[in-house]
> 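Questions regarding the structure given below will be posed in turn.
Numbered from 1 within each chain, the chains take letters A, B, ... in sequence-line order. Atoms considered below: every heavy atom in the structure, side chains included; atoms not considered: hydrogens, waters and symmetry mates.
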Protein chains: 2
Amino acid sequence: MLNYSTSEENYIKAIFHLQKDGTVTTNELSAELQTRPASVTDMMKKLKTKKLVHYKAYRGFRLTAEGTRVALLIIRRHRLWEFFLAEKLKFNWDEVHEVAEDLEHVGSKKLIDKLDEFLDFPRFDPHGDPIPDSNGKIENTRQVCLTDVPINKPGVVGHVSDQSSEMLELLGHKKIGIGTRLEVKKKFSFDQSMEIKVRQQPPTHISWELAKNIFVKYEN
Amino acid sequence: MLNYSTSEENYIKAIFHLQKDGTVTTNELSAELQTRPASVTDMMKKLKTKKLVHYKAYRGFRLTAEGTRVALLIIRRHRLWEFFLAEKLKFNWDEVHEVAEDLEHVGSKKLIDKLDEFLDFPRFDPHGDPIPDSNGKIENTRQVCLTDVPINKPGVVGHVSDQSSEMLELLGHKKIGIGTRLEVKKKFSFDQSMEIKVRQQPPTHISWELAKNIFVKYEN
DNA sequence: AAAATTTTTTAGGTTTGTCTAAAAATAATT
DNA sequence: AATTATTTTTAGACAAACCTAAAAAATTTT
Ligand SMILES: [Mn+2]
Ligand SMILES: [Mn+2]
Ligand SMILES: [Mn+2]
Ligand SMILES: [Mn+2]
C-alpha cells in the first residue's frame with residue numbers, strides 16, 4: 001500500500017510544510033531541500049504518476065489527498081522520534097530534529113505505534129507541534145491569541161471571541177474571517193498595535209483591542 | 001572518518017558474521033544477502049579500495065582491522081535497538097531483528113551512546129548475543145553452564161569449575177578441554193543427564209554432575 | 001506590446017547499487 | 001592429465017536520484 005523511498009518521503013514532507021496556502025513552486029522546494037530545480041521537476045513527475053501530487057508543468061504543485069495522508073504519517077514518525085529523543089534520551093530540544101530526520105524513514109507501522117504507546121501518546125513534539133495519531137489525524141486546535149503570535153509565523157484564524165456586529169464590520173473591512181491566513185509583520189510597543197499581512201493584500205495595521213479577540217492556529 | 005552507505009554496512013556486517021573461520025566466498029555472501037554473485041564482486045572491489053576488506057580475485061575475502069571495527073559498531077547499533085524494542089516497546093524476541101535491520105543504519109554516534117545509557121548499558125541482546133561497547137569492544141566471555149545451554153546451540157568450552165584430577169581424568173577420557181567445541185543433542189529429565197556431540201566424535205553421554213561444572217561460551 | 005529577467009523544464013551526464021549473460025579461473029571427476 | 005562442473009569475474013545495462021547547461025515558458029519591466 002505505502003512504501004516510499006527516503007527521497008520521495010523528504011519531498012512529500014517538504015511540500016506539505018510549504019503548501020500552507022496555494023501551490024508550491026519549483027524554486028521554493030529546491031531551496032528547502034537543497035537540491036537543484038531540475039531535480040525537483042524530475043521528482044514531481046514521478047510523484048505525479050504515483051498520484052501523490054497535483055502537478056502541471058509551470059503551474060506549481062500541491063499534495064493530493066493521498067499525498068497528504070502519506071505526509072502526515074511521515075510527520076507522525078518524525079515528531080514521535082523527536083519526543084522520544086528529548087524526553088527519554090535527554091537530547092536538547094535543538095538537537096532532535098536532525099536525528100529524527102533519519103529515523104522518520106524507518107517505516108514499520110508497528111514500531112511507530114508501539115513507540116507511541118511507550119511514550120504514553122504524547123500530543124505535541126518538543127517544539128510544540130502536534131503529533132498526528134495513528135490514522136494520521138492531526139490535532140488542529142491549538143489556538144493562540146494574535147497578541148502572542150511571534151513575528152512572521154503564519155497562522156490561520158480559527159476563532160474570534162467578540163462576535164458583535166461592530167467587530168464583524170471591522171473584520172469585514174480588513175477582509176479577515178475564519179480561515180484567513182495571516183502573519184504578524186511588526187509590533188509597536190507604544191500602543192501594542194501591530195502590522196499584519198493578509199494573503200494577496202498590502203499590509204494593514206490593527207489595534208491591540210482587535211488583536212486581543214483574534215485566535216489563530218498554526219499550520220504544520 | 002566513518003560514514004558508509006546502508007549497502008556497504010550490510011555487506012560489512014554479513015562478512016563479519018560469516019568469516020568466523022577462514023575467508024568468506026562470493027557465493028556465501030551472495031546467499032546471505034540475497035544478491036547475485038556479480039554484485040558481491042562489485043562491492044568487494046569497492047570495500048577493498050576503502051581498505052575494509054582483504055581481497056584478491058578468486059581468493060575470497062575477510063575484514064581488515066578497520067573493517068572489523070566498523071562491523072562491531074554496526075552490530076552494536078543493531079543489538080542495542082533489538083534490546084530497546086524487546087525491553088521497552090515489548091516486541092516479541094522474534095520480531096526485533098527485522099526492525100533493527102533498518103534502525104542499525106541511522107549513524108549518529110550520540111544517538112547510540114545515549115540510547116545505551118537510557119537502556120542502562122545492557123550487555124546482551126534479546127537473543128543472548130553480546131553488545132559491543134562504545135569503543136567496539138565485545139564481551140567475549142559470557143560463559144553459560146552446560147546445563148543451561150539449549151539443544152543444538154554450539155558452544156566452546158571456556159571454563160571448568162572443578163579442577164580435581166578425578167574431574168580431569170573424566171574430561172580427558174571424553175576428549176573435552178578448554179576450547180573444545182560441542183553441542184547438546186538431547187537432555188534426559190530422569191536424571192538430568194545429556195547426550196552431547198564433540199566435533200569429529202560420536203555422541204557421548206554425560207552426567208548432570210559433570211555438566212554442572214562445564215561452562216561454555218557461544219561463538220558470534 | 002516588446003524587451004529583459006526570472007522561473008521552470010528538457011536534454012544529456014554521473015554515481016551507486018543492482019542485474020543478466022558470457023568469459024575466465026578454479027575445483028572436482030573421470 | 002584431460003574433461004567436466006562449479007565458482008567467480010567481467011562486460012554491458014538499468015533504475016534511482018542527483019547534476020549542469022541550454023531551451024522554453026512565464027513574469028516583470030520598460
Ligand atoms: Mn528525512
Ligand atoms: Mn519538531
Ligand atoms: Mn541492515
Ligand atoms: Mn540479535
> Is it true that the side chains of A:Asp191 and A:Ser193 contain a donor and an acceptor less than 3.5 Å apart?
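Looking only at side-chain atoms, A:Ser193 and A:Asp191 do form a donor-acceptor pair, the distance falling under 3.5 Å.
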> Specify the separation, in whole Å, of atom CE of A:Met43 and atom C1' of C:dT10.
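For the pair A:Met43 CE and C:dT10 C1', the rounded distance is 18 Å.
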> Measure from CG on B:Leu33 to C1' on C:dC19 and round the result to the nearest Å.
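The answer, rounded to whole Å, is 15 Å.
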> Reading DNA chain D from 5' onward, which residue's closest nucleotide shows up sooner: A:Asp42 or B:Phe61?
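Final value for this comparison: B:Phe61.
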> By the 4.0 Å heavy-atom rule, please label B:Thr26 as base, sugar-phosphate, or nothing.
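Sugar-phosphate contact only - B:Thr26 comes under 4.0 Å of backbone atoms but never of a base.
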> Rounded to whole Å, how long is the line connecting atom CD of A:Glu8 with atom P of D:dA16?
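Rounding to the nearest Å, CD of A:Glu8 and P of D:dA16 are 9 Å apart.
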> What's the OH-P distance between A:Tyr58 and D:dA25, to the nearest Å?
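After rounding, the gap between these two atoms is 6 Å.
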> For residues A:Lys51 and A:Thr64, is any side-chain donor paired with an opposing acceptor at under 3.5 Å?
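There is no such pair (donor and acceptor under 3.5 Å, judged by atom type) between the side chains of A:Lys51 and A:Thr64.
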> Taking the six-membered ring of A:Phe61 as reference, does the NZ or CZ atom of A:Lys48 fall below 6.0 Å from its centre and within a 45° cone about the axis?
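So A:Lys48 doesn't make the cation-pi contact.
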> Just wondering, are more than 12 heavy atoms of other shown residues or ligands nearer than 6.0 Å to NZ in A:Lys109?
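Above 12, so yes.
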> From the options C:dC19, D:dT9, D:dA21, select the nucleotide whose nearest atom is closest to the side chain of A:Ala38.
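When the side chain of A:Ala38 is considered, D:dA21 is the closest of C:dC19, D:dT9, D:dA21.
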> Contact class for B:Thr41 (heavy atom, under 4.0 Å): base, sugar-phosphate, or nothing?
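The residue B:Thr41 makes base contact.
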> Between C:dT16 and B:Tyr11, is there an OP1 or OP2 to side-chain N/O distance shorter than 4.0 Å?
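No, because none of the side-chain N or O atoms of B:Tyr11 sits under 4.0 Å from OP1 or OP2 of C:dT16.
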> Which listed nucleotide (C:dT20, D:dT7, C:dT9) is nearest to the side chain of A:Pro37?
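So the side chain of A:Pro37 is nearest to C:dT9.
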> Rounded off to whole Å, could you give me the CD-to-C1' distance for the B:Glu28 and D:dT6 pair?
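That distance rounds to 14 Å.
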> With a cut-off of less than 4.0 Å, is there a side-chain N or O of B:Asn27 near OP1 or OP2 of D:dT6?
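No, no such contact exists.
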> Which part of the nucleic acid does A:Tyr55 contact within heavy-atom distance under 4.0 Å: base, sugar-phosphate only, or nothing?
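Sugar-phosphate: the residue A:Tyr55, judged by heavy atoms under 4.0 Å, touches backbone atoms but no base.
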> Any side-chain N or O of A:Arg36 below 4.0 angstrom from OP1/OP2 of D:dT20?
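Looking at the OP1 and OP2 atoms of D:dT20, one of them is under 4.0 Å from a side-chain N or O of A:Arg36.
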> With a 4.0 Å cut-off on heavy atoms, is B:Ser39 in touch with a base, just the backbone sugar-phosphate, or nothing at all?
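The answer is base, as B:Ser39 lies within the cut-off (heavy atoms under 4.0 Å) of a base atom.
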> Looking at the side chain of A:Lys45, which of C:dT10, D:dA26, C:dT20 is the nearest nucleotide?
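The answer is C:dT10, which lies nearest to the side chain.
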> Is there a side-chain contact between B:Ser7 and the phosphate of C:dT16, meaning an N or O under 4.0 Å from OP1 or OP2?
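Looking at the OP1 and OP2 atoms of C:dT16, neither is under 4.0 Å from any side-chain N or O of B:Ser7.
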> Do we see a donor-acceptor contact under 3.5 Å between the side chains of B:Asp102 and A:His105?
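No, no side-chain donor-acceptor contact under 3.5 Å.
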> How long is the line joining NZ of A:Lys56 and C1' of C:dT8, in whole Å?
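Going from A:Lys56 (NZ) to C:dT8 (C1'), I get 16 Å.
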> Between P on C:dT16 and CG on B:Asn10, what's the gap in Å once rounded to a whole number?
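So the two atoms are 17 Å apart, to the nearest Å.
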> Without decimals, in angstroms, what is the distance between A:Met44 CE and C:dT8 C1'?
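About 13 Å, once rounded to whole Å.
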